[in-house]
Amino acid sequence: MCGIFGVYGHAEASNITYLGLHSLQHRGQESTGIVCGNGRQLIASRHMGHVADVYTEDRLAKLRGPNAIGHVRYSTAGGSHLKNTQPFAVEYAHGSVAIAHNGNLVNALHLRAELERAGSIFQSSMDTEVIVHLMARSEEPTLAGRLTEALKRVRGSYSLVVLSQGQLIAVRDPMGIRPLAMGRSHGASVFASESCAFDLIEAEFIRDVAPGEMLVVDHSGVTSSRPFADAPCRHCVFEYVYFARPDAVLDGPGVTDCRERMGVRLAQEHPVDADVVICVPDSGMTAAIGYAAESGYPFRMGLIRSHYVGRTFIEPQQSIRHFGVKLKLNPARPVIEGKRVVVVDDSIVRGTTSRKIIGMIRAAGAREVHMRISCPPTRSSCFYGIDTPTGRELIAHNHTVDEICRYVGADSLGYLSNAAMLESVAGAPGGDGSHGFCDACFSGNYPIEIPDPPAQRSGSLVGS
Ligand code: AMP
């Protein structure tokens with residue numbers, strides 16, 4: 001779970017990157033970094049924390065130069081350290097290079113072991129670092145050639161922006177699992193994980209980077225190539241369900257449209273007699289609007305979200321500890337009291353939050369609580385860049401819908417079917433029935449084999 005941004009040939013490259021990262025903050029809140037290039041050298045600024053807190057005017061002023069890449073990071077298992085912030089920047093035989101990665105390399109442990117046996121010394125515990133080591137060993141004469149050679153060895157998901165003194169390269173893995181969009185701002189090429197980053201900087205959205213496409217940007221312009229073997233398209237469907245911002249347009253569909261359609265289909269598949277439809281804000285809001293429109297029941301804000309919950313909260317004293325979800329959400333009693341409530345959320349992971357939320361809605365006087373989820377049961381872990389817990393911790397991994405319903409304390413529970421979810425995103429099914437999406441977290445059908453056993457994966461190497 002990360003966001004990446006890149007700009008080439010802009011008078012205010014680092015400021016533009018700062019703003020772009022701000023729009024991608026939802027993709028990672030633990031750390032952030034910008035690396036700026038002025039043609040001679042790369043200057044890096046990497047910190048733990050949120051974009052708006054980390055980048056002061058002084059820090060940005062030091063990042064002078066027309067080219068920049070940036071990253072926001074949500075570390076997966078065990079990797080929340082400054083050494084694991086990106087962009088990852090190194091000096092090697094060909095000069096300086098920096099790389100920002102969204103995705104997860106499933107064979108990184110194997111590659112790292114092989115590289116270490118051959119003498120490589122790693123600086124971080126990020127999977128991304130193997131790409132840099134493989135590039136350093138390549139004998140290809142160009143940056144694009146070295147990167148291509150390295151990427152042909154890795155397996156998994158990657159959207160990357162890579163910056164050298166003279167070039168910016170944007171590349172997306174052959175299945176296009178994680179998103180990457182291309183735009184233009186005042187004559188400069190810009191790249192971002194989601195198109196909403198372009199809106200803030202008033203860049204024009206040009207198109208999505210195609211799966212397996214590599215774009216090299218330098219003083220002579222933009223060159224596109226497809227250096228990898230063709231693979232079936234497998235965009236991550238969970239980006240549309242939960243992860244991407246609702247104002248993003250990813251590989252065609254607008255995320256808000258998709259979520260509303262999911263809500264409509266959810267109401268068709270799981271109707272119930274009710275008085276009011278509410279959402280778990282913000283994640284369930286758009287699907288709840290669709291559910292309400294289709295069911296004819298009024299949509300109201302029955303849960304109010306505090307936007308001021310910081311990362312660490314000092315709980316005042318023992319007797320009133322464990323606020324948990326109450327810190328973030330509070331019911332609006334007049335909306336709920338005495339009503340038959342439909343509460344819509346995008347997904348259930350462990351079930352613990354949902355259980356607390358339903359407890360809260362009941363405590364606010366609801367007569368009935370019917371939970372509706374705008375995706376299928378999350379049964380399998382993601383190995384391609386979404387931070388889901390291990391299979392065993394996923395409540396739907398080894399519990400039926402009825403058991404989950406009892407655990408969360410709802411009167412009824414309905415999940416959207418896999419077919420309806422895929423139709424909501426893509427329309428008609430593709431020839432192979434996949435619709436061109438990775439739905440492994442729901443179906444268990446992993447489009448890329450997972451060579452590293454999960455137990456090892458959560459050990460020393462972390463995804464991006
Ligand atoms: P729970 O009931 O504890 O499983 O929490 C469900 C909530 O977690 C939903 O509101 C989802 O929006 C949210 N959620 C879904 N996937 C993730 C994820 N990978 N990381 C953090 N939160 C998530």
Side-chain angles (χ1 to χ4, degrees), residues 1-3 25-30 72-77 79-80 102-104 157 177-178 236-246 255 258-259 262-263 266 278-288 291 302-306 309 311 322 324-329 342-361 369 371-399 401 403-410 413-416 421 438-442 454 458 462-464:
M1 285 159 79
C2 294
Q25 185 75 79
H26 61 288
R27 296 186 71 86
Q29 294 94 48
E30 237 160 52
V72 285
R73 176 179 181 78
Y74 178 96
S75 78
T76 48
S80 180
N102 173 210
N104 196 49
S157 62
I177 296 178
R178 303 258 73 85
C236 166
V237 76
F238 200 62
E239 292 270 356
Y240 297 90
V241 169
Y242 166 75
F243 196 38
R245 239 170 73 158
V255 174
C258 297
R259 288 186 190 161
M262 289 172 195
L266 190 56
I278 68 168
C279 67
V280 179
D282 296 328
S283 57
M285 178 145 17
T286 323
Y291 193 101
L303 290 169
I304 305 304
R305 178 176 166 188
S306 166
V309 183
R311 291 194 56 76
H322 309 305
V325 77
K326 276 192 194 161
L327 263 179
K328 196 169 148 190
L329 295 173
V342 176
V343 56
V344 180
D345 202 357
D346 67 284
S347 57
I348 297 179
V349 182
R350 291 183 171 90
T352 45
T353 314
S354 308
R355 181 185 167 100
K356 287 178 188 155
I357 288 170
I358 288 177
M360 254 184 200
I361 297 170
V369 186
M371 186 157 218
R372 295 293 179 266
I373 301 296
S374 62
C375 71
T378 308
R379 292 200 169 95
S380 310
S381 219
C382 177
F383 297 104
Y384 311 133
I386 298 284
D387 181 36
T388 36
T390 57
R392 266 177 289 121
E393 294 167 88
L394 295 169
I395 191 165
H397 184 71
N398 46 13
H399 291 94
V401 174
E403 286 168 345
I404 300 170
C405 182
R406 277 199 293 281
Y407 175 76
V408 299
L413 171 64
Y415 284 92
L416 188 64
M421 173 187 66
C438 172
D439 61 1
C441 51
F442 307 118
S458 62
V462 295
S464 307

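Reckoned from all heavy atoms, side chains included, excluding hydrogens, waters and symmetry mates. For the single chain, residues carry numbers from 1 onward in sequence order. Remember, it's 1-based here, ligands and their atoms both numbered in the order they're listed.
In this structure, of Ile386, Thr353, Val280, the residue bringing a heavy atom nearest to atom 3 (O) of ligand 1 is Thr353. Among Cys441, Ser374, Ser354, Cys382, the residue whose heavy atom lies closest to atom 2 (O) of ligand 1 is Ser354. Between the choices Ile373, Asp346, Ile357, the shortest heavy-atom distance to atom 12 (O) of ligand 1 belongs to Asp346.
Nearest protein heavy-atom neighbour of atom 8 (O) of ligand 1: Val349 CG2, 4.1 Å. In this structure, the protein non-hydrogen atom closest to atom 6 (C) of ligand 1 is Ser347 O, 3.5 Å. Nearest to atom 1 (P) of ligand 1 among the protein's heavy atoms is Gly351 N, 3.4 Å. Looking only at protein heavy atoms, the nearest one to atom 21 (C) of ligand 1 is Tyr242 OH, 3.6 Å. Atom 19 (N) of ligand 1 has Asp387 O, 3.0 Å as its closest protein atom, hydrogens excluded (heavy atom only).
Side chains of Ile373 and Leu413 form a contact here, defined as non-hydrogen atoms less than 4.5 Å apart. Contact annotation: the side chain of Val349 never approaches that of Ile395 to less than 4.5 Å [non-hydrogen atoms, C-beta and beyond]. Looking at heavy atoms from C-beta onward, Arg27 lies out of side-chain contact with Tyr74 at the 4.5 angstrom threshold. Leu329 is listed as a side-chain neighbour of Met360, based on a closest heavy-atom distance under 4.5 Å. For the pair Leu394/Arg379, no side-chain contact is recorded, criterion being any heavy-atom separation below 4.5 Å from C-beta on. Contact of the Ile386 side chain with the Arg178 side chain is registered, since non-hydrogen atoms from C-beta on lie closer than 4.5 Å.
Residue Ser283 has at least one N or O atom closer than 3.5 Å to an N or O atom of ligand 1. Backbone and side-chain nitrogen or oxygen atoms of Thr388 are examined, and none is located within less than 3.5 angstrom of a nitrogen or oxygen of ligand 1.
Looking at Glu239, its side chain never comes within 3.5 Å of a backbone N or O of Cys236 through a donor-acceptor pair. Under the 3.5 Å distance criterion, the side-chain polar atoms of Ser157 are matched with a main-chain donor or acceptor of Tyr384.
For ligand 1, the atoms lying closer than 4.0 Å to a non-hydrogen atom of Arg350 are 1 (P), 4 (O). Short contacts between ligand 1 and Ile348, defined as distances under 4.0 Å to a heavy atom of the residue, involve ligand atoms 4 (O). Listed by atom number, the atoms of ligand 1 under 4.0 Å from Thr352 heavy atoms are 1 (P), 2 (O), 3 (O).
The cationic atom of Arg355 (NZ for Lys, CZ for Arg) lies less than 6.0 Å from the six-membered ring centre of Tyr407 and within 45° of the ring axis.
With a heavy-atom cut-off of 4.0 Å, Phe238 touches ligand 1 through its side chain alone. When heavy-atom distances to ligand 1 are checked against a 4.0 Å cut-off, Asp345 comes that close only through its side chain, counted from C-beta outward.
A donor and an acceptor atom, one from each side chain of Asp345 and Ser283, are located under 3.5 Å apart.
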